[in-house]
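Keep in mind the model is a prediction, meaning the values are calculated, not measured. Note that ligands are numbered from 1 as they come in the structure, with each ligand's atoms numbered from 1 the same way.
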Amino acid sequence: MNAATIQPYALLDDQECEQRIKHAKEVLGDRLVILGHHYQRDEVFQHADFSGDSLKLSRQAASSKAEYIVFCGVHFMAEVADILTRSDQVSILPDLAAGCSMADMADLQLVEKAWKELAEVLDPDEHVTPVTYINSAADLKAFCGEHGGIVCTSTNARHVLDWSFEQREKVLFFPDQHLGRNTGYTMGIPLEKMVVWDYDKPMGGLTPEQIRQAKIILWKGFCSVHQMFQPEQIDNFKRKYPETIVIAHPESPFEVCQKADFVGSTEYIMKTIADGKPGSRWLVATELNMVNRLHDLHKAEGTNVHFMSPNVCMCSTMFRIDPQHLAWVLENLVDGVIVNQVSVPEKTAEFARTALHRMLEVSP
Ligand code: 13P
Ligand code: SF4
């Protein structure tokens, strides 16, 4: 059977897609599992069998027995699902253009160049643990696996850094400088011991002395969504509602996390607000779709959940997964056709798996 093309699906309205997705799920039964990240829009999120943050969904993928794992999230998540599952399981991303702009800020060539340049000052394989945030391509995870390093998520970054410093005295952390800095600071590492590696400059724009002094070398990457949050937004909001509780994702800038009452992953944010007092007021620094969902979930208890930025700020790549693409991949599966498979070459997957397994072992 030839694959049905996406074009006719683009003309379907959301309601029609909803019915067709439900029907395809019934037909595929337990051969299929749909994983949905918290940032997915409601029209897609409602079809997820399991939802969560990157760590929870990685574990869910790893323990799934389903033949088809359809990941409603972004590309690196579907790659992780492929790496952690059996070779006869298939990982699918409904729209292959759903990437992560932060993940794209580090690539293997640039990281290998950085590793070589660091070698002019010290032997990185002896002194530096490479740590990649899970928001990165599979070959960077493989780089970490091969060089005694590890992967982290926003949930386990602290545990991963503890492990990393037990191996070697310094860490090269990529691609998100904010997660690295926010986590390092909570571990008692002063800001001056966390230097930024500017990958556009020779030697990261650092002097040999700065590299020797550093505990964490932070890649100059960031999330274009979370970098929009500013401490002034908290001050302005609190002037109107002083009782507000502030909660931020650790991809947010340092100054925002410092002013927040709570900092944690998307799953942590969901849980913390759910456990909060009815009638409380929250200001949240994370993606818009998730914040809107949280408000809808808790408004009946009189709880108000507000988005921190006055400018619209959603993750445009997460948003690429729409009901039309989901219906398209599922109906193809019903016809026995796999479209949009995400497959990591085994040589890369092997080392990436090493780094991911190290992470899963040290995770809470
Ligand atoms: P979480 O693992 O906290 O869900 O974060 C993933 C992500 O991409 C946040 O921008
Ligand atoms: Fe990537 Fe930021 Fe989107 Fe998360 S919110 S997937 S880090 S671009």
Side-chain angles (χ1 to χ4, degrees), residues 35-41 44-45 48 50-61 71-81 93-107 131-137 140-141 151-160 173-180 182-183 219-229 247-253 256-257 260 262-273 284-294 307-309 311-321 356 359-360 363-364:
L35 304 181
H37 187 265
H38 289 305
Y39 292 169
Q40 291 292 300
R41 53 171 97 179
V44 170
F45 193 78
F50 299 98
S51 61
D53 62 11
S54 309
L55 180 65
K56 192 172 161 195
L57 292 176
S58 305
R59 285 184 164 140
Q60 200 63 53
F71 219 122
C72 295
V74 286
H75 195 267
F76 72 82
M77 296 179 179
E79 277 189 335
V80 169
L93 184 66
D95 184 346
L96 290 176
C100 163
S101 56
M102 175 210 282
D104 295 341
M105 290 177 189
D107 66 28
V131 179
T132 187
Y133 188 23
I134 198 164
N135 297 39
S136 59
L140 287 182
K141 295 182 176 82
V151 178
C152 78
T153 74
S154 55
T155 296
N156 58 27
R158 172 74 198 251
H159 294 80
V160 166
F173 191 98
F174 44 87
D176 186 23
Q177 59 172 300
H178 298 294
L179 177 63
N182 287 323
T183 311
W219 199 258
K220 203 185 170 188
F222 58 86
C223 165
S224 45
V225 174
H226 289 84
Q227 73 151 6
M228 302 286 284
F229 301 119
I247 188 161
H249 194 279
E251 288 173 13
S252 307
V256 169
C257 290
F262 299 97
V263 177
S265 78
T266 57
E267 185 72 16
Y268 172 86
I269 294 172
M270 296 289 295
K271 198 171 168 328
T272 307
I273 294 181
V284 186
T286 199
E287 204 269 349
L288 183 63
N289 280 293
M290 177 175 144
V291 178
N292 286 343
R293 183 172 308 119
L294 272 165
F307 186 54
M308 190 175 288
S309 171
N311 317 312
V312 175
C313 191
M314 66 171 177
C315 176
S316 56
T317 48
M318 285 274 183
F319 199 68
R320 291 196 78 102
I321 309 295
L356 282 162
M359 171 190 86
L360 293 172
S363 293

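- Here the CG atom belonging to Asn135 is positioned 8.0 Å from the OG atom belonging to Ser154, to the nearest 0.5 angstrom.
- Taken from CD in Glu287 to CG in Asn292, the straight-line distance is 8.5 Å, to the nearest 0.5 Å.
- The closest side-chain donor-acceptor pair between His38 and Ser51, if any, does not fall under 3.5 angstrom.
- What sits closest to atom 8 (S) of ligand 2 on the protein, heavy atoms only, is Ser101 OG, 3.6 Å.
- In this structure, atom 1 (Fe) of ligand 2 lies nearest to the protein heavy atom Cys100 SG, 2.4 Å.
- In the vicinity of His37, heavy-atom distances shorter than 4.0 Å reach the ligand 1 atoms 1 (P), 4 (O), 6 (C).
- Residue contacts with ligand 1: Thr153 is placed with no nitrogen or oxygen under 3.5 Å of a nitrogen or oxygen of the ligand (distance criterion only).
- Using a 4.0 Å cut-off to heavy atoms of Ser265, the atoms of ligand 1 that qualify are 3 (O).
- In this structure, Ser224 falls outside the shell of residues with a heavy atom less than 4.0 angstrom from ligand 2.
- Side-chain contact between Val74 and His37 is absent, with no heavy-atom pair separated by less than 4.5 Å.
- Residue contact check: Ser154 has heavy atoms under 4.0 Å from atoms 1 (P), 2 (O), 3 (O) of ligand 1.
- Proximity of Glu251 to ligand 2, defined as any heavy-atom pair under 4.0 Å, is confined to the side chain (atoms from C-beta onward).
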request  = Given side chain to side chain contact (heavy atoms under 4.5 Å, CB included), test Met77 with Val80 step by step and report yes or no.
outcome  = CA-CA 5 Å; Met77 296 179 179; Val80 169; 5.8 Å; no
query = Is there a side chain to side chain contact (heavy atoms under 4.5 Å, CB included) between Ile247 and Thr272 once you walk through the steps?
reply = CA-CA 9 Å; Ile247 188 161; Thr272 307; 3.7 Å; yes
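- Note on ligand 1: Glu287 sits outside its first shell, no heavy atom being nearer than 4.0 Å.
- Of the N and O atoms on the side chains of Thr153 and Ser54, not one donor lies less than 3.5 Å from an acceptor on the other residue.
- Rounding to the nearest 0.5 angstrom, the gap separating the OH atom in Tyr268 from the NZ atom in Lys56 is 15.5 Å.
- At least one N, O or S atom of Cys223, from either the backbone or the side chain, sits less than 2.8 Å from atom 2 (Fe) of ligand 2.
- For the pair Tyr268 and ligand 1, no heavy-atom separation below 4.0 Å is found.
- Cys315 SG, 2.4 Å is the protein heavy atom nearest to atom 3 (Fe) of ligand 2.
- Heavy atoms from both the backbone and the side chain of Ser54 come within less than 4.0 Å of ligand 1.
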key: side chain to side chain contact (heavy atoms under 4.5 Å, CB included) assessment of Leu360 paired with Arg59   = CA-CA 8 Å; Leu360 293 172; Arg59 285 184 164 140; 4.0 Å; yes
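- Those atoms of ligand 1 that come under 4.0 Å of a heavy atom in Asn135, given as number and element, are 7 (C), 8 (O).
- In His226, the part holding a heavy atom less than 4.0 Å from any atom of ligand 1 is the side chain.
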query = Between Ile134 and Phe76, does a side chain to side chain contact (heavy atoms under 4.5 Å, CB included) hold up when you go through it step by step?
reply = CA-CA 7 Å; Ile134 198 164; Phe76 72 82; 3.9 Å; yes
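- Of the protein's heavy atoms, His249 NE2, 3.3 Å lies nearest to atom 5 (O) of ligand 1.
- Asn182 places a side-chain N or O within 3.5 Å of a backbone atom of Ser252 that can act as its donor or acceptor partner.
- Nearest to atom 9 (C) of ligand 1 by heavy-atom distance, out of Glu251, Met77, Lys56, His38, is Glu251.
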